[in-house]
Amino acid sequence: MEQSIPHLHVAVVGAGFAGLGMAIRLRRDGVENFAVFDEASEVGGTWRDNSYPGSACDVPSHVYSFSFAPHPGWTRTFAPQPEIWAYLRECVRRCGIAGHLRLNTRVTDATWDSDRRCWRIETSRGPVTADALVAAAGGLAEPSVPDLPGLDTFAGAAFHSARWDHDTDLAGRRVAVIGTGTSAAQFVPEIAPRAAALYVFQRTAPWVLPRRDRRITDLERRAYRAAPVLQQLARGTIGALRETLVVNNRHPRLARLLVQRMAARHLRRSVPDPALRARLTPGYTVGCKRIVLSNDYLPALTEPNVEVLTEPITEVRADALVTADGVERGVDVLIFGTGFRVSDPPIAHRIRGPAGQTLAQQWSGSPAGHLGTMVAGFPNLFLMLGPNTGLGHSSVVLMMEAQHGHVLDALRFLRERGYAALSPRADVQAAYTAEMDARLAGTVWNAGGCRSWYLDAAGRNWTMWPSTSWAFRRRLAQFRPDDYDVIQDRTYVMRGTA
């Protein structure tokens with residue numbers, strides 16, 4: 001390697017849950033020559049960026065945390081954003097990885113160098129090379145904003161919920177919210193009492209279930225600190241109960257009989273007006289789109305200063321929005337609760353394989369990989385929460401931890417054999433992808449009667465995992481060398497071929 005360019009054993013991109021967890025596991029495995037790059041000035045990823053009013057997790061706190069770094073101080077069963085962000089910063093301190101962070105550093109390009117068998121990485125602070133690259137930027141990183149006609153002419157404040165403008169005072173203002181997903185369901189009840197008028201533009205109504213949230217008592221927190229096994233027991237019990245919910249994803253008819261009836265009852269109790277209730281009743285099976293957990297979202301929509309609109313926006317003017325029915329409504333502030341660029345992650349455009357093709361080009365809008373962690377043709381590239389790792393019932397932190405262990409197994413295999421690199425065999429990846437497609441075919445995400453970000457433009461579900469997190473962990477627990485092509489030195493060894 002050139003002496004002037006720093007060389008790392010592992011370069012991690014992204015300092016959210018996945019990237020920090022990878023860093024902690026690397027260090028615990030005895031690896032010290034690694035760095036975590038993030039373009040922001042603080043760690044935290046999603047939980048740093050989504051600071052909107054009411055931001056909180058919709059997975060129970062005890063399972064939405066690292067198994068190796070329990071937090072006895074959670075104040076609620078569903079942790080609010082400030083606590084989760086503080087937890088991640090505490091993990092950095094507690095696990096001693098601060099010296100490995102490269103904050104305020106954007107990775108602009110990463111290209112596999114076949115001659116030197118390493119990743120050449122360009123950053124905003126200069127180049128580095130690395131034996132392995134871990135892409136942990138996350139799917140909920142780049143906000144998605146619809147291309148509305150005239151949006152650039154709007155004179156008021158306009159921002160996405162993941163880039164909340166805390167300097168904009170909403171008191172007495174006319175506010176338009178576009179989108180009715182989980183984020184909007186959390187911040188709408190918070191801002192409705194302050195706004196003079198709140199217009200909620202709904203394209204598709206979400207199913208809403210009650211949020212079984214409560215304060216964790218001081219006595220419970222003291223018990224968790226004094227006897228950590230109690231918190232481990234709570235985590236195990238909650239995790240096991242969450243895994244039983246996977247049956248609703250696999251069997252849409254059962255979901256309609258059980259969960260959908262609960263959601264319909266919650267809607268009836270929360271919204272007395274039958275006309276409004278009709279607009280808020282989804283036309284698809286519960287779980288086809290992400291379920292919203294909230295006790296106050298539906299009641300907020302019944303307030304006299306709140307109006308739910310289903311007509312599409314046809315024009316944005318300097319101080320107003322015009323809908324397809326020709327009605328113009330004056331607006332001072334425009335807030336987008338429109339999700340993220342999940343199907344086209346920006347980092348995929350910055351990672352190039354041996355032939356110069358980007359990951360985005362290879363995927364062509366329909367990502368595929370092996371075990372959600374590696375991609376054929378991209379040596380020593382590891383994806384955190386890659387294709388088919390999403391969950392509809394439990395914590396993705398469980399999926400991340402399984403991946404962390406798999407990455408360590410792969411790196412250990414390379415070191416022990418003296419190999420330079422590996423990537424999944426194309427036939428193995430194709431078989432895995434076909435398996436995922438087949439197992440997802442009858443699930444609620446595919447057969448629930450909706451169109452969601454879980455599906456690509458062709459209708460293929462590349463995002464979700466069809467089973468329990470336990471099954472994923474078992475699948476990744478055993479590293480199978482025969483599933484991979486390896487680069488021994490300068491020679492590429494194709495396994496399964498003559």
Side-chain angles (χ1 to χ4, degrees), residues 16-17 40 44-61 64 76 78-85 88 137-146 148 157-166 168 170 175-195 198-211 213 263 270 280 282 287-301 306 308-310 313 331 333-343 345 385 390-392 395-396 450-454 463:
F17 252 108
T46 294
W47 297 106
R48 173 198 61 224
D49 296 339
N50 287 268
S51 62
Y52 56 80
S55 178
C57 191
D58 56 6
V59 174
S61 311
Y64 200 81
R76 304 201 65 83
F78 289 84
Q81 175 265 340
E83 288 190 25
I84 301 174
W85 189 22
L88 290 174
L140 306 182
E142 187 70 19
S144 175
V145 175
L148 300 176
F159 51 88
H160 191 278
S161 61
R163 303 291 184 268
W164 194 272
D165 184 354
H166 292 278
T168 296
L170 302 181
V175 181
V177 172
I178 300 176
T180 53
T182 298
S183 298
Q186 292 181 345
F187 69 72
V188 161
E190 298 290 325
I191 67 174
R194 288 182 277 157
L198 181 61
Y199 304 115
V200 179
F201 288 86
Q202 171 187 279
R203 184 177 62 178
T204 307
W207 281 112
V208 184
L209 286 171
R211 185 182 181 86
D213 188 26
S270 303
L280 298 174
C288 186
K289 286 177 175 283
R290 186 175 176 179
I291 298 173
V292 169
L293 301 181
S294 178
N295 301 325
D296 52 9
Y297 173 63
L298 293 174
L301 300 181
V306 179
V308 178
L309 303 168
T310 56
I313 298 169
V331 171
V333 181
L334 181 55
I335 304 174
F336 293 97
T338 45
F340 300 86
R341 289 175 53 186
V342 179
S343 61
L385 298 183
L391 293 179
S395 170
V396 292
C450 76
R451 182 73 188 178
S452 73
W453 58 266
Y454 300 146
T463 59

Any non-hydrogen side-chain atom of [X] less than 4.5 Å from a side-chain atom of [Y]?
X: Phe159; Y: Val333; result: yes
X: Phe78; Y: Pro60; result: yes
X: Leu280; Y: Gln202; result: yes
X: Ile84; Y: Phe17; result: yes
X: Ile335; Y: Ile191; result: yes
X: Arg290; Y: Pro206; result: no
X: Tyr199; Y: Val177; result: no
X: Pro345; Y: Glu142; result: no

Let me confirm one number: the [atom1]-[atom2] distance from [X] to [Y], rounded to the nearest 0.5 Å.
X: His160; Y: Ile178; atom1: NE2; atom2: CD1; answer: 10.5 Å
X: Ile313; Y: Leu334; atom1: CD1; atom2: CG; answer: 7.0 Å
X: Leu209; Y: Asn295; atom1: CG; atom2: CG; answer: 10.5 Å
X: Lys289; Y: Tyr454; atom1: NZ; atom2: OH; answer: 9.0 Å
X: Leu170; Y: Glu190; atom1: CG; atom2: CD; answer: 11.5 Å
X: Phe336; Y: Ser183; atom1: CZ; atom2: OG; answer: 14.0 Å

Looking at residues at least two apart in the chain, or sitting in another chain, which of them share a side-chain hydrogen bond (donor to acceptor under 3.5 Å, both in side chains) with [X]?
X: Arg76; result: Asp213
X: Tyr64; result: Trp47
X: Ser55; result: none

Subject >> Set of residues satisfying disulfide (SG to SG under 2.5 Å) with respect to Cys57, sequence neighbours excluded >> reply: none
Original post:
Taking Ser270 for the side chain and Pro299 for the main chain, is one N or O donor matched with an acceptor at less than 3.5 Å?
Top reply: no
Nearest heavy-atom pair of [X] and [Y]: which atoms, and what distance?
X: Ala184; Y: Gly179; answer: CB-O, 3.3 Å
X: Pro189; Y: Ala185; answer: CD-O, 3.2 Å
X: Thr204; Y: Thr180; answer: O-OG1, 3.2 Å
X: Ala300; Y: Val188; answer: CB-CG1, 4.4 Å
X: Ala195; Y: Val175; answer: CB-CG2, 4.0 Å
X: Val59; Y: Ser395; answer: CG1-CB, 3.7 Å

**OP:** Applying ring pair (Phe, Tyr, Trp, His ring centres under 6.0 Å), name anything that partners Phe187, two or more places apart in sequence or on another chain.
**Re:** Tyr52, Trp164
**OP:** Could you please spell out the steps behind the side-chain contact (heavy atoms from CB on, under 4.5 Å) verdict for Val200 and Val306?
**Re:** CA-CA 7 Å; Val200 179; Val306 179; 4.2 Å; yes
**OP:** State plainly whether the residues Asp296 and Arg211 are in salt-bridge range, i.e. N to O under 4.0 Å.
**Re:** no
Original post:
Who are the salt bridge (charged side-chain N to carboxylate O under 4.0 Å, His left out) partners of Arg341, not counting sequence neighbours?
Top reply: Asp344
**OP:** State whether the number of non-hydrogen atoms from other residues, nucleotides or ligands found under 6.0 Å of Arg203 atom CZ is greater than 12.
**Re:** no
